[in-house]
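Here is the structure we will look at, set down as structure tokens.
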Amino acid sequence: MVTINDISMAVISLIRVGAVFRFIYCMVRLEGAEEEQMQYRKRAKNTVLFYVLAESVWQIREIVFFYYGT
């Protein structure tokens with residue numbers, strides 16, 4: 001049986017893998033596109049910001065579950 005914890009672990013894994021691949025994609029495109037460098041630099045920065053926020057939410061979830069004993 002799949003529990004909420006299993007689902008949340010799968011989601012955070014997908015977020016981590018997706019953010020890494022998106023960052024790598026932006027860096028590769030940044031090397032090749034001279035006229036679109038600012039656009040891909042901004043996308044890479046937003047990807048890193050998204051990843052930091054997603055990890056923060058994950059840690060807050062862990063703190064709440066630890067505090068309330070669930």
_Would a single hydrophobic cluster contain both Val48 and Leu30, if residues Ile, Leu, Val, Met, Phe, Trp and Tyr are joined by side-chain heavy-atom contacts under 4.5 Å?_
yes
*May I ask whether Phe50 and Val11 are part of the same hydrophobic cluster, defined by side-chain heavy atoms of I, L, V, M, F, W, Y residues being less than 4.5 angstrom apart, directly or through others?*
yes
_Working to the nearest 0.5 angstrom, can you tell me the gap between Thr47 OG1 and Lys42 NZ?_
12.0 Å
*If you group Ile, Leu, Val, Met, Phe, Trp and Tyr by side-chain heavy-atom gaps below 4.5 Å, do Val52 and Ile60 land in one group?*
no
*Restricting to pairs with a member in residues 7-21, which pass salt bridge (charged side-chain N to carboxylate O under 4.0 Å, His left out), not counting sequence neighbours?*
Arg16-Glu55
*Shared ILVMFWY cluster between Val64 and Tyr67, side chains joined below 4.5 angstrom?*
yes
_Within 6.0 Å of CE in Met9, more than 12 heavy atoms from elsewhere_ = no
*asked:* Considering only residues two or more places apart or on different chains, which pairs with a residue in residues 17-36 satisfy side-chain hydrogen bond (donor to acceptor under 3.5 Å, both in side chains)?
replied: Arg29-Tyr40
_Distance-minimising heavy-atom pair for Ala54 and Ile15_ = CB-CG2, 3.7 Å
_Straight-line distance of Ser56 OG to Tyr51 OH, nearest 0.5 Å_ = 10.0 Å
_How long is the straight-line distance from OG1 of Thr3 back to CD1 of Ile7, given to the nearest 0.5 Å?_
7.0 Å
